[in-house]
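What follows is a set of notes on a single structure, which appears directly below.
Within every chain, numbering begins at 1; the chains are lettered A, B, ... in the order of the sequence lines, protein sequences first and strands thereafter.
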Amino acid sequence: MSMASVSRLGGPHPSGNRQALPPEKDTRRRSTPYLLLLPGLLWLGAFFALPILTLSGTSTQTRAPGGEVGEFIQTLRLANYWEAFDRYQEHFGRSVLYAGMATLAALLIGYPLAYMIAFRGGRWRNVLLVLVVAPFFCSFILRTYAWRQILADEGTVVRTFKWLHLMPEQASLTATAFAVVCGLTYNFLPFMTLPIYASLERLDHRLLEAGHDLYGGPWTVLRKVTLPLSMPGVVAGTLLTFIPAAGDFVNAGLLGTTRTQMIGNVIESRFIDLNDYPTAACLSFLMMAVILVLVLVYIRRTGTEELV
Amino acid sequence: MITERKSTQKSTRKSTQTGSSLSLRGITKRFGSLLAVDDLSVTIPKGSFFALLGPSGCGKTTTLRMVAGLEEPDSGEIRLSGLDITHTRPHKRPVNTVFQSYALFPHLDIFENVAFGLRRRGHKKVQSAVMDALNLVELPHLARRRPGQLSGGQQQRIALARAIVNQPQVLLLDEPMGALDLKLRRQMQLELKRIQTEVGITFLHVTHDQEEAMTMADTVAVMNRGRIEQLGTPTDLYESPATTFVANFLGQSNLLPGLRAGDLGRDLMVDVHGNKLRVPRSRVRSQDNALLVGVRPEKIRLCATAEFIPENCNRLTGGVVLDVSFAGVSTQYVVRMPWRQDLTVFSQNLGVGERFPAGSTVTVAWEPEHTFGLPRDPIGDGPNHARADSRGS
Ligand SMILES: Nc1ncnc2c1ncn2[C@@H]1O[C@H](COP(=O)(O)OP(=O)(O)OP(=O)(O)O)[C@@H](O)[C@H]1O
Ligand SMILES: [Mg+2]
């Protein structure tokens, strides 16, 4: 390939010149992609690799004997990890459970939403998409606080539920796991909806017509054609929802109680309130590991690499 | 090989009962202000190979989609074996389509693509039915591949297998050869014709390739602007076109403006710039006084001015050869008539008779029975209108 272009370039020159040209050109061509990657790599190094390294350093430190609060020395103590995991197992479990439930709920809401916008949106499509991301114009904290109002004992939701006898008289929704999952679902819904919309939007409608033509009713075509073809969007959406939801601490903090705390809350309080940096660092790494394993298993199971 | 024969024979017998007549009555479809299909009526007999031929945008796909149920007509009625299916949902119609774009499911392998329709209807012997269909299109070895790994021609055959395996009452084909190169297309045409004779299903084939329609179909309907201009066997359409559109869309025609000048019983006499031409009365498609007299380029013979021409032949004198192009089996001449109209003449290279160089003065002659008379329409109708006289000027 390069020989061909070189000989074309060097057409009028005698053959001696030809050989001098390639090496120089080749090295430049080969190094171009790396040069283009450089800014990204620098960014990644400065704001990801370096912090990860220092954090892993912190994770094996122990409190300096007789030192002040927040003073630690490096002792390479790996048992920190086990102790942290042992102590906060419950929180890990809750993180995965709440994030999982929120992801499922977001999928159940987001898929039909994306489907309606993509297939029935017509000329309102863009307006509807803006509405999906509109909540981002308002602060995350503020929106989460709003859920306190929505689920408050005097609120319409609770009163309606009670009126319908779906809830006992004394019960409330605030400060429950339900409220936390609601908050997580709500806050991460756009991350679910948008990738699904993107994959539905570029779906070839002629394939759906072929499905109908081959005796598939609306429901069958949805199950056998639309859904499998939109799997890349579903996988992307669930990952974009699950990963941040599992690490979230705002929803559990504002809408839950101490009994609904997630791992994010523990890390936050260890870092900020208790100055227990090693435990917080250990928990961060453990959470990363848990998410990584879950994601890998999930991607394996859904087999998205086979899709277009 | 032997088992394959057997299985196809079996399906032949079964489907001669399933092939059914399809009739459209007064079908109209608008897209906004655009009239895509205009009061179209046609009956397609059971087991026939019917071609819908027309230029791009004339409403062929739209017509097919209405039969498949993917589009609903604004008015009119579609009947299949006498049953009204105008408003039946597509998945409830015993009709299958080979799409213009194939539309194979990319997430399923070839086997599952072909099995799709069978599985939806709970077919008992999916495995053997699918393999029979794949054998029919001669691609059983590709069963476990994905559509993306197939060539265009292979995809086209799989699309055909996927439709035919369901033994529909009518098979709809929307330019299934559109994406193939010429050689492969000719080969697939023969293949398709063979398959149609084998399975005996009614084929409704849409194309804008006149050669394709002529070689494959029993009946051809020429469509223009949402209407059927003429319907008949390929020979009928070619030998006696009913409109200038058909005359120019199917092959080439020389169309000469003339006026009625007498009645000879079986023939009409038409005056074309002072030349009296005979036109068989049965092939005159107009009541008007002003006519277009048509003759196909290969029906015309070029003669030297002094040459003897039988008395009853139609002839036009004073032509000058403008252009000669040799094309192997035939030579194409462009002859300019004294009234500045150019005629196209194809002359077979038989090795007898004279060859005329450019600039020679000639007389053009042809048998009266090869003449047809068309109404003169004021607007140029269709892309090839009066191609004969636009050439070389
Ligand atoms: N969904 C649609 N909305 C609006 N106009 C349409 C639609 N489908 C088709 N048309 C118009 O209807 C006319 C007929 O279209 P159709 O697809 O039937 O043409 P066709 O004969 O199949 O042409 P081709 O040979 O190019 O495939 C065209 O003018 C086209 O622009
Ligand atoms: Mg079309």
Problem - Heavy-atom contact with chain B under 4.5 Å, split by part of A:Asp213 - result: both

Heavy-atom proximity to chain A below 4.5 Å, by part of [X]:
{"X": "B:Arg162", "result": "both"}
{"X": "B:Leu104", "result": "backbone"}
{"X": "B:Phe99", "result": "side chain"}

Practice task
Measure the shortest side-chain to side-chain distance between B:Thr28 and B:Pro73 over non-hydrogen atoms and say whether it is less than 4.5 angstrom.
Solution key: no

Handout entry: Over-ring placement of A:Arg300 relative to A:Tyr298, 6.0 Å and 45° cut-offs
Key = no

Problem - Pi-cation contact, B:Phe111 with B:Arg144 (under 6.0 Å, within 45°) - result: yes

Handout entry: Leading residue by heavy atom contact count with chain A [cutoff under 4.5 Å; candidates B:Arg65, B:Lys92, B:Arg89]
Key = B:Arg65

Problem - Pair B:Arg146 + B:Asp109, salt bridge at N-O below 4.0 Å - result: no

Exercise for the section: Using the six-membered ring wherever Trp is involved, compare the ring planes of A:Phe119 and A:His205 and label them parallel, tilted or perpendicular (cut-offs 30° and 60°). Expected result: perpendicular

